[in-house]
Each structure stands twice: as C-alpha cells, then as structure tokens.
Amino acid sequence: MELSDANLQTLTEYLKKTLDPDPAIRRPAEKFLESVEGSQNYPLLLLTLLEKSQENVIKVCASVTFKNYIKRNWRIVEDEPNKICESDRIAIKANIVPLMLSSPEQIQKQLSDAISIIGREDFPQKWPDLLTEMVNRFQSGDFHVINGVLRTAHSLFKRYRHEFKSNELWTEIKLVLDAFALPLTNLFKATIELCSTHANDASALKVLFSSLILIAKLFYSLNFQDLPEFFEDNMETWMTNFHSLLTLDNKLLQTDDEEEAGLLELLKSQICDNAALYAQKYDEEFQPYLPRFVTAIWNLLVTTGQEVKYDLLVSNAIQFLASVCERPHYKHLFEDQNTLTSICEKVIVPNMEFRAADEEAFEDNSEEYIRRDLEGSDIDTRRRAACDLVRGLCKFFEGPVTGIFSGYVNSMLQEYAKNPSVNWKHKDAAIYLVTSLASKAQTQKHGITQANELVNLTEFFVNHIQPDLKSATVNEFPVLKADGIKYIMIFRNQVPKEQLLVSIPLLINHLQAESIVVHTYAAHALERLFTMRGTNNTTLITAAEMAPFVEVLLTNLFKALTLPGSSENEYIMKAIMRSFSLLQESIIPYIPSVITQLTQKLLAVSKNPSKPHFNHYMFESICLSIRITCKANPEAVGSFEEALFLVFTEILQNDVQEFIPYVFQVMSLLLEMHKNEIPSSYMALFPHLLQPVLWERTGNIPPLVRLLQAFLERGASTIASAAADKIPGLLGVFQKLIASKANDHQGFYLLNSIIEHMPPESVDQYRKQIFILLFQRLQNSKTTKFIKSFLVFINLYCIRYGALALQEIFDSIQPKMFGMVLEKIIIPEIQKVSGQVEKKICAVGITKILTECPPMMDTEYTKLWYVIPLLQALIGLFELPEDDTIPDEEHFIDIEDTPGYQTAFSQLAFAGKKEHDPVGQMVNNPRIHLAQSLHKLSTACPGRVLSMLSTSLNAEALQYLQGYLQAASVSLL
Amino acid sequence: ALRMQRVEVSIELRKAKKDEQILKRRNVSLHVKDENVPPGQNSTHKIIQLSLEEIVEGVNANSPKLQLLATQATRRMLSRQKDPPISQIVQLGIIPRMVEFLGRADNAALQFEAAWALTNIASGTSEHTRAVVDGGAIPALISLLSSPHMHISEQSVWALGNLAGDGPLYRDALISHDVIPPLLALVSPVTPVGFLRNITWTLSNLCRNKNPYPPLDAVQKILPVLVCLVQHEDKEIVTDCCWALSYLTDSCNDRIQIVVDTGVLPRLVELMASMNLIVMTPALRAVGNVVTGTDQQTQAAINAGVLAVLPRLLRHTKPEIQKEAAWTLSNIAAGPSQQIQQLITCGLLPPLVELLDKGDFKAQKEGVWVVANITTGGTVDQVVELVRSGVLKPLLNLLSAKDSKTILIILDIVSNLFLAAEKLGETEKLCLLLEELNGLEKIENLQNHENSLVYRAALNIIEKYFSGEENSDLEPQTGQDGLYDFSVEKQEFDF
C-alpha cells in the first residue's frame, strides 16, 4: 500500500462505512480493513488520516482503529511472523509522540494508549529516546502537551504498582528515575508556582490541577516498588508541596456538582494515597513528615463539607488517621487532651451525623440502607471511617475519648429533649456515637463480642432506648426507632436478659411499623434474640417465656410480609423460621392458617424467584411446619401433601430451577414420614427422577440423592418388581456421580442404599460392573474423600453379602485383587475413616473378613494375618480417639453455616435426615463382636488363631485385644 | 523450602544502607591545636599556610626541612573538617614523591606525615584510592608496618585499611604483597586499644567484598585472630570483628563452615543479644548469614542459642533489626521439620504473629517468608500449631499490602495450608476459617489483580477449594431410554 492520496481516499471511505449502523454495510468494511492491515504503510496511512483528515469523525475513527491495530499486532510472538514491517515500526515510533501531543484531547487519549502498548513491548531497549523525547516537552510550557506526556508516562509506569521485583524491572525503573525523576520534580515545582501566579484564572487552574493529579499519580508509581534514592533525597520538596496542596483551597476550583468529585478532591485523595504508601512502606524515612500530614489531614477534615462528592476523600483521610493513631510510636501525636478533643469534636462527631443523603436512602432505598448499616458493606462511608477512627483512638486513649464523648452524648441528648421533632438527628448521632464507642469487636453471628467497659450500656438502654420503643406511635421518628432496635440487636449480649424480655413485645409491636427499615430491624432483632444461647446449649429465651406472645408474634410477622416493599423480605422470613423453631408445638394450633399463607407465598414467588435468602427461609419454614406437626400427629402428613403437591407439580412442570432442589428435600421429608409401603403417587415420579437433565445441575444432586434414598428405603422391593427396567438408569446415576470428585460421596450414598435395600437378585448382574467402576476411579484419581467412602462401601457390602462373596467378586475381576485391595487400600487407609457409624461398619466388615472368609486361613492371603496384619489395623481403628459427636445444632443454623459451597443455598437444615445405622440391629458393640467372632473362629480351628496372633500383633495391640476378650467373657482356644 | 542468600537483586533503588560499616575513613583533626584556630588569633604553634604551588615546590625540593613542611601542609589540608581538596592534591602529581618519603627511615616525622596524607587521599573516591596505589604505596606502606615507631605503623595500618576497603582488587593486591603476617604481628596483649581498633578495622576490610571472595589461605590466617579479638572488652573492636565475621559468612557454605569450625558462634549469639545497637547489628548479620548455610550449620547456630535471642530482636524498635531477625528466622524455618519444631518449641510463633500484625513493612515481608517456609517444610502438626498461633489473621490482612510478591507468597501459603487440611480431612473447616477472617473475600478480589501470577494463584485457590471438578472418562453416556447408561470398560488395576 502506497502512501498515496488515492489510498487515503479509499481508507476514508471504508472507515466511514465502519460507523454505519447497518451491519450489511458495516461488516464488509470491517472485514476489508482487517484484510489489508498486514500491508506495509497501513498504519502510516491511519496516522496521516487522524492528523490531516478534513472530517473530525474520520480523525477519531482513524485513531481508534489505529490503537486497536497496535493492540492486535505490535507484540512479536515467538515462532510467529512479525505482523508489522520493521520500517513501519520505526516510522510509528518516530512520529507518534509529537503527533499525540499536537492532537486534540479525544485523539490524544487513543494515541497515548497506543504509546503505552508499544512501550510495554519496546521500552526501554527498543525505544531508547522515548524518555528524553517526553522529558524535553516538559519545558514547552504548553500544558496541553505536558498533560499528554504525563498521561502517557502514567500509562507506561503504572505497571510498577503490581509487577514483581526483578532485575529487569528494576533496571527499567532505575533508567526511568535517572531520566525522569528530576524533570518531574522540577515540573512539579514549576506547576505549583504557576498555580499561584494563575490563582485567579479558572481555566488555567483546571489544566494545572490536572497536571498535578497526574504528577501525584506518577509519584505513586515511581515510589511503589521501593523508596528510590532520588525521592529520599528530595522528600523535603515533594512532601512539603504535597503538604501545602492538602491545605490549599481556591474558590475557582470548587465545583457545584454535589455528587461528582472535583479536581481539588481528586488531587487531595491521591495525596492521601501517597502519604499512606509512605506511611505503610517507608515508615522509618517518612517519620519526620508524618506529624505534619496528620495535622494537615485533620484540618482538611475539619474544613470539608458534608456533600457526597467529598465522601471518598473524607473516608480516605479518616482511614489514614485511623491507621496512624494505632501505632505505638505515633501515640504522642494524639495524646494531648486538646488534640483528642478537637479530633472528636471536629472530625468524628460531624462525620457521624445523619445526612440528607442518609435520610433519603432510609426512606427511598431502604434495601441499600439496611445492607450498609446492618451488614457492614459501608467500607467507604464516612460513618464507618469515623467509627474506625474511634476504635483506633480507643486503643491507647479509651478513657479520655470515652470521657470526651460522654459530654457530647449528653449535650446532644439534651438538644433532642428540648425539641424532639426538630432535633431528632442529635439523638441519632448520640446513639451512633455510643455504639461506636462501646463496640470493640463484632461478628454477624454474635453481635458485639467485646465492649468498652467504661460505657454503661444497660443504663443508656433503659434511659434512652426503651422510652422510644415504648411510645404508642410506632411510626413516629422512624430513624430513632431503627436506631433503638439496632441497639438491642448489637448489644444483646451485654444487656441483661430481663431487659431483653421487656423488649420482646416492643419489637413485636414494631413489626407493624410502616417504615421498611423499622419493621425489618424488628424482625431481625427478634430473630437474633431467638438464636442467643443460654445454659446447656439451649436457647436463652425459652418457648415458655414466649407463650403469651405466640399469636401476636405470628400474626405480626405474616402481616409484615404484606406491608409495601416487604413482600419478599428475607429478614421477616428468617424470623418466621426462627420463631417456628423456637416455639415448636405451640405453633400447631396456627398451622392450618400458616401453611395456607406459606403455600400462597410459594406460589406467588415461584413465578419469578428473585430473593434466594427469602426463598430458602420460606422452605425451611415449610419443613418446620411439617416436622413439628407430624411429630405430634404422623397422620397429618397427608394434609401437607394435599396442600403442597399442587404447587410442587407446577414448580416441576415449569422447571423453576431455583426451587427444584427444595421441592425434592421437602418431598424426601414427607416420604420419610410414611411408615408403610411407598404410596403410588410417589412411584409415578420415580422414572422422572432419573432424567439426566436433572443431574446436570449440581444444586439438584444432594436433594435428589436424598430423595432416591428415601425411595429405596421405603420402596426397594416395589422398584425391583415394578420398575426393574429402571435399575440400569439408577446405576447410571451412581456412575455419573462417582465420576465427579465433588459428588462422588453422593454416589456412594446412593450405592449404599442400593446394596442395603435392593433384593440381591435384582442387582446381581451389575455387581461386577460396580466394582470395576470403583477400581477405575481408585486407580486414576483417588482422593481421601473417595477412599473413605470406598472403605465404608466395601465393608457394608461384606456385611450384606458375606466376606467370601467379597473375596470372590474381587478375585473374579482380576486374580489376587482381594489381597491387593486389603494390602494397598484397606490396611493403610482405614484410620482415615471418620464418623461413628462409618467406623462401626468398617469394624464389623473387617471382623467378618478376618473370621468368616476361609481363604484368609489357607491361601496366600494368610499373609494378612502374619505379614501385614489386618487385625492390627482394625485394633488401630478402635483405639483412635473418636470424633466428637455433633450436638443438636439445627436450631442455630444459618445459611452461612451449611458446608459445601455449591449447595450453599439449597441445603435445608430443617429437612434434616436422621442418621441411619445399617448395622445397628446386628451389632451393638463392635469390639465385643470382634472378640466373639475370633472365639468362634478359634473353636473351628483350635490353636491356629492364638499362634497367628502371638506372632503378628505388637504388644500394645495384644493388650487391647485381651481387654475385648475379657469384656466379651470369652477366651481363644 | 529454600534458604535465601542475602542478595536477591543486584539493582538497588534505595540509598546505600546507612548502618553498614564504613568502607574508608579519613584521619581528621587528631591534633586539635593544629586546626580550627580562628584567623587573627595568636597561637603558640605557628601555622604555615602554603599554596598548592608552594607545596609542589616544597615536596620536590631537596631540603628535608622543606619536604616536611610541604608534606605537613598537604596533610593539614587533607585533614580539615570540611571539603578536603583531595582531587586537587591528586592532580598535583605529588603522590609518588610522598610514597618515596615513606621509605625515609631516617626521618620519622616525614614518614608519618606522608603516611597520614596518603591515608586521607586513599579515603576519597575509587579514583583517589587508585592514584595512591598507582603511586606504588602498597609495598611501602606494608614495610612501614614494621616501623619501630608505633604511630607510624598505626598510620600505615589505617592507610592500608582504606586501600583494602576500596574493593576486591586492591584487597587482593595487598594480600598478595603479604600484608597479613606483619599486620597480625602487631596484635599483642600490650597493643593499645586505639591501635587495636585500627588493626581490627583493617582486618575487617581484608575480609570484605565478594566477587571474588578473599583468598582462602588469607581467611584462614586472619580468622584465629578475629576469634580472639571478638572476645575483647572494647565495643569498637568487637563490632569490627563482627563485621568481619559477617563478611566471611556472607558466602558459600564451605566458607561458612570455616567460621563455624572456629567455635565462634556462641559468642556471636551472645553479642546478638547485646543492648548496644552497633554491636548487635553486625552480630545478627553474621548469624543470619550462617543460617543460610547447610542444615548442620543452621543447627550449630540453633545450638548456640540463636532461637532464645530472636524473640526480642523481632520486637526491636528498629525496623532494620526486625527485618534482619525475621530474615534469619525465615532461613531457620527453611530447614528440616526438626528445626521447625525447635523454632516452635522455643516460642518463636507469638513474636512472629506480633511482627506480622504490627511490624515494619520490610520486616513483615520477611515474616511472610517464615510462614511460607513452615508451611512448605513443616509437618502437618506443625502447620496446625502455626494456624493455632493466630497467624492467619495478620497474614490475610497483608493480602492488602502494596507489594505483589508478598501477596503471591501468601496465596502460596494458603495453598499449602489446604494441602495440610486435606490430609486432616478439614478442608471445609479451613474454607470457613478463611471466610471468617475475610480472607475469602480478599482472595476473590485478587482474581481481578493486575498481576497475572497473582490473579491466577487466586483463581486457582477459588477453583480448587471453592468449587467442583470432574472425571470425564467415567462419565456415563445417555442410553436409548433417555437415562444414563451404566457401563464401564475393564482395565488392569494396580494400586
């Protein structure tokens, strides 16, 4: 491609077409440009166009096309052809910087990006004069040009902020520092001088401040990896100027916009970042300057207004102070009573004030308000920053700070008392202040876990919180109501129980408040109170204490779901769940109405499920209704099925994916409630449960396995007789699960149920296949989890089919397989098995292998007695410390508590399956069982057992075995 | 885990270390009355001010008196407190003449003044030092070591120290001119402390610098004397001995072994515990260097009691000491599990956690390495112990550090912890713990980090421990009935 006018013309036309909204015109043009971009001179034609075209739109289009071209082609990939010819590369590098600098801003940005892409590849080796070329422009005095250079430099150097230290990188940085640091410093000084000469020229100031922001950013990049010698030597210049910029104000730079940060704010924010970088990484060298910055930053805070545009600056600045005041060697900066007072008065208190923006959020965007206020997603807010500063100061000055704030709290409360309807915000700030002062550590689960002992929380509660909540008008001063409720909630572990009991009816009353925040907080507070632990791991607040309030509690909770804005309020639904769980059988009289309301809600939300937590707690509540009712009256299961199946069918038919896992769990719960043979209504569903499409969704797997297990428990013989053709499909599900490391344990759950419940003849023909499959996983990708499940399974198999059958099937797959599995898997891995039932199954299974498998006595497998004693491994399994049994924690469960990240939202705690012990009836004490089995074996072949034991077991194991034999009152012959 | 030698990159952005030992020293204002006499004030001792031209003239004159006067004037100029005119003096071309004066055994005063002047010239830049060497000063100064006049041999010791301090080239030139035997001969029980200080300092410069290391036989000759001097009660002598030992141990394992074999480690550890910063600094460096060596060498340092001293140093107020101590600990933690056990038993975990929580950033970085090494080389029990000590909270906080490498190492540590948790079957528990400590949130955010190694490491952890994984070869096909087919190919098994 020649650099000819004709070519420029053609290119112009195609570029124009790429802007056409009609794809039929646009696409071919794009294709064409791509097809010619490999030609020599193509990039130079683009550069010519973006400089000289008559039409601005073509200029911009050419610059964007050029940048994308560079992005795609500049890098030379090893073993691939160079996509840009060398002479073009040279020409581009020679021209691009002046071109960028002389272009209007829109094009300048594109070219600046292109330069940094080229720079990433070529700088510094293949572009040695770039730096000098850039630095020379600093003297131009033209700040449009200078800003272009600075922007380019910023995009070239910002990678120093994240790359690893290496010789190559540091060599480059050193080179940059040598060429750039001094001119940058001079430019910095000159720019600051110009700012004072042009202090009255708004448009000049804007340009100059844009430069200062870029310079401050460059400072950050160049100082990131380590403290360069140059900047250490010139710290005085930089820090002095940064410091004075922090204190600078100029009316001309103030913006009217309340939301968007202006140049002044951006610059000061960056300076705060720079100071924070030095304070974090170069504390030793920065120490002399730090006090000045502390002062400047708090002065900055004192003088900065309440507008939203200052939020980031203010919160950065406060966080800077918070991080500094915690360090022992800066303690003295804050020690002085006047300093502390002024920080408290001028920095903390003003930033805790409830602002117009907060009020707006409280009313119109309550969801966001709650998330920030309750769940701590308030990291960048002023209140949070102020709160962190209080905590930081309390580390060394708890007494004085508490003292200072007590005065403020009192005077703010007095202000409020004078005229509540005008001064309510004073009380809000007072409560917030008390809260942040008193709370030293907090978790979602327990509220405040560590409190400031100098604050009398109960007294404040009784005198200032309760009166508000006792007021007859629930809708008055909603913000103060919300504050009061939140106070109860977070200080629930500090306030005595009798006060909490007094509060409960007040909270129930506030479930009726119109304000979303207020009734949500009330529901949340109740829910949290109900999860508090008393003695003996029971709830602090008992069902008996709640008895007078059951009806009003349930009524108000369900009514709250009808308030505007709260129809899918997860806090309310969670409170419903927790109330059911706490109240237990006292809810039974209300169940008919409750279940009607819940099914209606379910039907409504299943049209468009959007609140996962709400939905989850709704299903938990349904499960609780079923469990509590059927525990007292098992027959009631039918009426639940009647109420729920209609909605469930609809959910399954409409494939409401979010709800299907829940439906399966509720169905499992219901099916398990049946005492007799499986109802035919369930059997009709069986083939559908094996559909692959269901199993492809990970969230379905645990509940579906659970449901199939319930089918197998209640209806194995029905399946064997009426649905034998579905058995391969059932095993196919097992195979699908076993192929996954994440789900293999689920496959074993299913397999164990099949082995335990299906009539043996119905699975005979598949047994060998099952083992081959398991061995294959074992060979190719075993994990600890897989091995543990595998061990439990083969022992369960051994118990169900006999030890000889196990040996025979193993050896039929491959000769000597049985010995290999025992030697390589069972003996070395058996101690990994955890869980009481699991251990018991393994113990009984191994006992059977030892005592009921003839080949163990008279083939080469006798080595499992002598050489690598299986018995010793079994004794080891017995004598390992038992896992702690898990107490009944169900009531306290939270979504966050349920293990497994994939199924985090689908596992219903209250649909919980009871632990099942398949050997429960056969063997009570596995140690006694071992002793008896050995005794039986020794009777059959007298003398042999004793001699085998004495030659193979170590002394310790022998001693344990003696103990078992004694306990069983048997001896070996 | 790998032990890390002292230098990672040869490029430095920082200023040269301020607490390093001084390479070259000028002999300034020894005789106060010579100097700083305000102009116009009458002094009993007449000061003769000569111009540079007069100096050249005087030095080249035949009269010993003029020679002495000129040399003295030169020495005086070079000894003034501020801005000595070293370059100008060098340009006068009088150095060979000064060297010649060193040989005037009949004129002790002249010898002394010349040695002093040359000392101060050699204390300048490398170029200045070179001028002295090129002037032939080495053999002349060495022979002056045996001068009957103590002040002359002391001045030569000083001058030679400056030459040796310039770098390996002149250091080895001195050694090949056999500087060591006469130098060591000066050390005796009656040598005055001031003189001994000079000797020790010069010896330390003869041990200094790498590329190449000082010749082995020279080291072997010097070491016994250093081991002896390090027991001295004078702090400066002890300090310079420690510096010398720190240079000798900043080296390959064979060289470290030679130092360990002298049995000096217990003394170094004792000095590490000194309250005096100038003594503690080089002693800590030397011991820190020893534990970069083999497991046995590290064990020798442990046996000498290093683990009992480190807790205090990890809590030292000076960042540089914290950092060196943490670096030392990181290399001990890079050893076999028995050494890690000793580290735990000696109570190093609590100060480590404290350091990670509120130490200086440089020290925190080294602290992260300690943790990394324990999780790489430690047993599962030791890793559990580490987690119990509360290391996770400050460690995960450092995921917000402004340093990509540190972040990456912490992510490696997290992976190592998961390996241990897998062995214990407690992966789930670790997942929850990381979440509780805000680690999960931080790791999730790091998936957007600009550094590709960092984001890949973060992604890897999230994918591996916070989501599932399949075995596609075992996946069943779908059969004609639309359900999964249950079938598998048999293969040979060998577990």
Side-chain angles (χ1 to χ4, degrees), chain A residues 159 161-167 170-171 173-174 177 224-229 232 277 280-281 283-284 327 690-692 698 726 728-729 731-736 738-743 766 769 772-773 775-781 784 813-814 817 820-821 824-825 832 834 899-902, chain B residues 8-16 317-320 358 360-362 401-405 407-408 422-425 427-429 431-432 435-436 449-451 453-454 465-479 481-495:
Chain A
R159 71 186 183 101
R161 301 174 178 193
H162 55 79
E163 302 251 314
F164 296 139
K165 178 177 182 176
S166 71
N167 273 335
W170 283 36
T171 312
I173 296 177
K174 227 177 148 66
L177 286 166
F224 193 90
Q225 293 272 330
D226 203 345
L227 175 59
E229 180 164 8
E232 187 175 344
L277 177 77
Q280 189 194 94
K281 295 185 88 166
D283 186 40
E284 204 180 1
R327 303 211 201 156
L690 306 177
Q691 292 298 328
T698 33
K726 297 292 180 285
L731 288 166
V733 168
F734 150 71
Q735 181 174 347
K736 164 82 182 163
I738 221 73
S740 151
K741 276 189 187 165
N743 298 318
Y766 309 111
Q769 289 273 60
I772 292 173
L773 199 64
F775 290 150
Q776 200 150 316
R777 244 312 292 274
L778 206 53
Q779 175 123 321
N780 299 337
S781 60
T784 305
I813 290 170
Q814 187 176 305
M817 188 74 166
M820 180 162 73
V821 173
K824 297 283 175 56
I825 311 286
K832 287 190 181 151
S834 54
Y901 279 82
Q902 295 186 42
Chain B
E8 283 181 335
V9 283
S10 47
I11 315 288
E12 274 299 337
L13 302 178
R14 281 232 175 211
K15 255 183 161 20
T317 49
K318 264 204 83 110
E320 195 58 33
K358 41 181 183 253
D360 182 76
F361 184 66
K362 295 187 285 282
K402 298 180 203 297
D403 183 71
S404 305
K405 184 76 188 173
I407 296 173
L408 187 68
E422 275 177 347
K423 288 187 192 143
L424 295 167
T427 314
E428 211 68 66
K429 224 185 202 170
C431 285
L432 282 173
E435 194 187 351
E436 263 172 38
H449 197 272
E450 300 261 14
N451 187 299
L453 282 176
V454 169
Y465 299 106
F466 297 91
S467 57
E469 184 196 338
E470 310 298 313
N471 273 287
S472 55
D473 57 326
L474 289 182
E475 286 256 334
Q477 304 289 309
T478 311
D481 57 357
L483 304 184
Y484 287 120
D485 251 345
F486 176 60
S487 68
V488 65
E489 296 278 316
K490 185 190 170 319
Q491 60 180 62
E492 280 299 307
F493 299 110
D494 181 18
F495 304 126

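Computed from a predicted model, the values in this text were never measured in an experiment. Throughout, a chain's letter reflects where its sequence line sits, starting with A, and its residues are numbered from 1.
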field: Residue pair L13(B) / W170(A), side-chain heavy-atom distance below 4.5 Å
entry: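 Side-chain contact under 4.5 Å: yes.
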- prompt: Non-hydrogen atoms of chain B under 4.5 Å away: do they reach the side chain of F734(A), the backbone, both or neither?
  reply: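 Just the side chain, heavy atoms under 4.5 Å.
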message: Using heavy-atom distances under 4.5 Å, tell me whether L177(A) contacts chain B through its side chain, its backbone, both, or neither.
response: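 Only the side chain of L177(A) comes within 4.5 Å of chain B.
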So for [X], is it side chain, backbone, both, or neither that comes closer than 4.5 Å to the heavy atoms of chain A?
| X | answer |
| --- | --- |
| L453(B) | side chain |
| E422(B) | backbone |
| K423(B) | neither |

- prompt: Any idea which heavy atoms bring F164(A) and L408(B) closest together, and the distance?
  reply: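 The pair with the smallest heavy-atom distance is CZ-CD2, 3.4 Å.
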task: Identify the heavy atoms of E163(A) and S404(B) that sit nearest to each other, and give their distance.
output: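 Distance-wise, the nearest heavy atoms are N-OG, 3.9 Å.
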For the [atom1] atom of [X] and the [atom2] atom of [Y], what is their distance to the nearest 0.5 Å?
| X | Y | atom1 | atom2 | answer |
| --- | --- | --- | --- | --- |
| R14(B) | Q225(A) | CZ | CD | 12.5 Å |
| N451(B) | R161(A) | CG | CZ | 14.5 Å |
| Q280(A) | D403(B) | CD | CG | 9.0 Å |

- prompt: Is K402(B) reaching over with its side chain to a backbone N or O of K281(A), donor-acceptor style, under 3.5 angstrom?
  reply: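 Looks like no, no N/O pair under 3.5 Å.
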